[in-house]
Protein chains: 2
Amino acid sequence: MLSKKTKYGLKALTYIARSEGDSPIQVAVIAKSEQIPQKFLESILLTLRKSGILGSKKGKHGGYYLREEPSEIKMTDVMRVLEGPIAMVPCVSLNYYEKCDDCPNEHKCSVNKLMLQVRDSTLKVFRNTTLADLSNTNE
Amino acid sequence: MLSKKTKYGLKALTYIARSEGDSPIQVAVIAKSEQIPQKFLESILLTLRKSGILGSKKGKHGGYYLREEPSEIKMTDVMRVLEGPIAMVPCVSLNYYEKCDDCPNEHKCSVNKLMLQVRDSTLKVFRNTTLADLSNTNE
DNA sequence: ATTATTCCTATCGATTTAGTAGGAAAGACA
DNA sequence: TGTCTTTCCTACTAAATCGATAGGAATAAT
């Protein structure tokens, strides 16, 4: 299951991408429009900022803005920040690889074999999708 | 993340498929060979039996066996039993569809759009993979 | 100063995960 | 019949994760 955190994060990013003016968007505005608990959203946007996807401005007229064009923001990056590793099992993870304690031979492991395929196909989707694709209303 | 339950379940099914003799395989044997806590494995195999993937025989010389040929057992079915819905979000689930409370228009929802693609690509993998593929050591 | 906003830390209740415990029920075999 | 073996079932538990909430510090605009 997708966590609420990721769901809210994606919706917020989409909202910001669609609002593309010059001024930053405030958490309260997004929270209200997308029906997301504001305090929760605050912490999510903070994570996105720390990861470099969002920028922020404090104080009056502050808020969050995208650091790159929506078409440059790949879902691989967004998903890794929000949801963690894309692989369902550490032994097939590109960025967080870890050997299984039990598994004596990874290449003979049925779970490894299957999950490798799943990872590859999911990765293909995330690599080919940008925030611009998500924000595009028509389609 | 893949649950241990699913991981163990897949390993056990693979073990049984590879052992294809005429006599059922006992939980204790699988547990020892695959390093799975026996009581936990018991409950997993029970689930698989209730779902119709495995058959069982009680008492001495009892154990579990496959109800169909490994090449007939599709990962879509196995994964749904062990891990639950394949979709990461109920609003794109084929078997467990549910509308989001918040989402006024599903077709304009960025999360929906993305997760639909992920579901389709994952589904393609599971539909094209059978237990026979997993048990095949060479490849 | 005042007000608006992000930033940070801590806490909390509910749910899920990964088991464990104990024994009932059924079947094999002597 | 009695014993042993195996699945079957229910209930419990410790730990982790999730989805928040609370309260206020820091910063910026006016």
Side-chain angles (χ1 to χ4, degrees), chain A residues 1-12 16 22-32 34-67 82-85 88-90 100-102 111, chain B residues 1-12 16 19 22-32 34-67 81-85 88-90 100-102 111:
Chain A
M1 275 294 140
L2 198 72
S3 65
K4 293 265 183 183
K5 181 180 170 187
T6 303
K7 190 184 178 188
Y8 293 160
L10 287 171
K11 286 193 165 198
I16 296 173
D22 267 353
S23 48
I25 318 290
Q26 287 125 36
V27 175
V29 173
I30 306 172
K32 195 176 175 194
E34 300 294 324
Q35 314 205 53
I36 302 169
Q38 177 164 344
K39 275 291 192 179
F40 193 18
L41 183 56
E42 258 182 42
S43 72
I44 296 168
L45 297 189
L46 210 49
T47 309
L48 286 165
R49 198 221 60 194
K50 282 180 180 167
S51 79
I53 292 170
L54 289 178
S56 68
K57 205 184 148 196
K58 284 189 194 172
K60 211 168 196 170
H61 304 142
Y64 289 93
Y65 53 89
L66 301 173
R67 297 279 303 269
L82 291 173
E83 192 75 5
M88 296 186 76
V89 129
C100 295
D101 299 342
D102 39 327
V111 176
Chain B
M1 275 292 139
L2 199 72
S3 66
K4 295 264 184 183
K5 181 180 170 188
T6 302
K7 190 184 178 188
Y8 293 160
L10 287 172
K11 285 192 166 198
I16 297 173
S19 309
D22 267 354
S23 48
I25 317 289
Q26 288 125 36
V27 175
V29 173
I30 305 173
K32 196 177 174 194
E34 300 294 324
Q35 314 204 53
I36 302 170
Q38 177 164 344
K39 276 288 191 180
F40 193 18
L41 183 56
E42 257 181 43
S43 71
I44 296 168
L45 296 189
L46 211 49
T47 308
L48 286 166
R49 198 222 61 195
K50 283 180 181 166
S51 80
I53 292 169
L54 288 177
S56 69
K57 208 185 145 195
K58 285 187 192 173
K60 208 169 199 171
H61 305 142
Y64 289 93
Y65 53 90
L66 301 174
R67 298 279 303 270
V81 168
L82 292 173
E83 192 74 4
M88 295 186 78
V89 130
C100 296
D101 299 341
D102 39 328
V111 177

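Per chain, numbering begins at 1; letters A, B, ... match sequence-line order.
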Pairwise side-chain contact, [X] with [Y], heavy-atom cut-off 4.5 Å (strictly under):
X: A:Ile30; Y: A:Ile25; value: yes
X: A:Gln38; Y: A:Val27; value: yes
X: B:Ser43; Y: B:Lys5; value: no

Starting from [atom2] on [N], measure out to [atom1] on [X] and report it in whole angstrom.
X: B:Met1; N: D:dA16; atom1: CE; atom2: C1'; value: 14 Å
X: A:Leu82; N: D:dC18; atom1: CG; atom2: P; value: 12 Å
X: A:His61; N: D:dT30; atom1: NE2; atom2: C1'; value: 8 Å
X: B:Leu45; N: D:dT6; atom1: CG; atom2: P; value: 14 Å
X: A:Glu42; N: D:dG19; atom1: CD; atom2: P; value: 18 Å
X: B:Lys4; N: D:dA15; atom1: NZ; atom2: P; value: 16 Å

Checklist entry - What does the inter-axis angle of the helix from C:dA1-D:dT30 to C:dA30-D:dT1 come out as, five pairs per end, nearest 10 degrees? => result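 Between the axes fitted at each end of the helix from C:dA1-D:dT30 to C:dA30-D:dT1 lies an angle of 10°.
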
Item to check | Selection: residues 34-41 of chain A, any non-hydrogen atom under 4.0 Å of DNA chain D | outcome: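 Only A:Pro37, A:Lys39, A:Phe40 qualify.
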
Checklist entry - Does D:dC8 have OP1 or OP2 sitting under 4.0 Å from an N or O in the side chain of B:Ser43? => result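 B:Ser43 to D:dC8 OP1/OP2: no side-chain N or O under 4.0 Å.
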
Checklist entry - With respect to the phosphate group of D:dG19, does any side-chain polar atom (N or O) of A:Tyr8 fall under 4.0 Å of OP1 or OP2? => result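 Checking D:dG19 against A:Tyr8, no side-chain N or O comes under 4.0 Å of OP1 or OP2.
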
Checklist entry - DNA chain D: A:Lys5 or B:Gly62, which has the more 5' nearest nucleotide? => result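 Closest to the 5' end, via its nearest nucleotide, is B:Gly62.
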
Using every non-hydrogen atom in the two residues, find where [X] and [Y] come nearest and quote the distance to one decimal.
X: A:Lys7; Y: B:Val111; result: O-CG2, 3.8 Å
X: A:Leu41; Y: A:Ala12; result: CD1-CB, 3.9 Å
X: B:Lys11; Y: B:Glu34; result: CD-OE1, 3.8 Å
X: A:Gly9; Y: A:Ile44; result: CA-CG2, 3.8 Å

Give, for atom [atom1] of [X] and atom [atom2] of [Y], the distance between the pair rounded to the nearest 0.5 Å.
X: A:Tyr8; Y: A:Ile36; atom1: OH; atom2: CD1; answer: 6.5 Å
X: B:Gln35; Y: B:Lys32; atom1: CD; atom2: NZ; answer: 11.0 Å
X: A:Met88; Y: B:Thr6; atom1: CE; atom2: OG1; answer: 7.5 Å

Tell me which donor-acceptor pairs under 3.5 Å the side chains of residues 53-67 of chain B have, and how far apart each pair is, sequence neighbours excluded?
none

Item to check | Residues B:Lys4 and A:Asp102 bridged, charged N to O under 4.0 Å | outcome: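 Between A:Asp102 and B:Lys4 there is no salt bridge, as every charged N stays at least 4.0 Å from the carboxylate O atoms.
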
Checklist entry - Tell me, which of residues 46-55 of chain B have any heavy atom that sits under 4.0 Å from an atom in DNA chain C? => result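 Close to the strand, none.
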
Item to check | Contact list for residues 39-54 of chain B, test salt bridge (charged side-chain N to carboxylate O under 4.0 Å, His left out), sequence neighbours left out | outcome: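 Output for this query lists B:Lys39-B:Glu42.
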
Item to check | Test log, rule side-chain contact (heavy atoms from CB on, under 4.5 Å), inputs A:Met1 and B:Val89 | outcome: CA-CA 6 Å; A:Met1 275 294 140; B:Val89 130; 5.8 Å; no

Checklist entry - Between which nucleotides of DNA chain C, 5' to 3', does chain A make heavy-atom contacts below 4.0 Å? => result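 Reading along DNA chain C, I get C:dA4 to C:dC8.
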
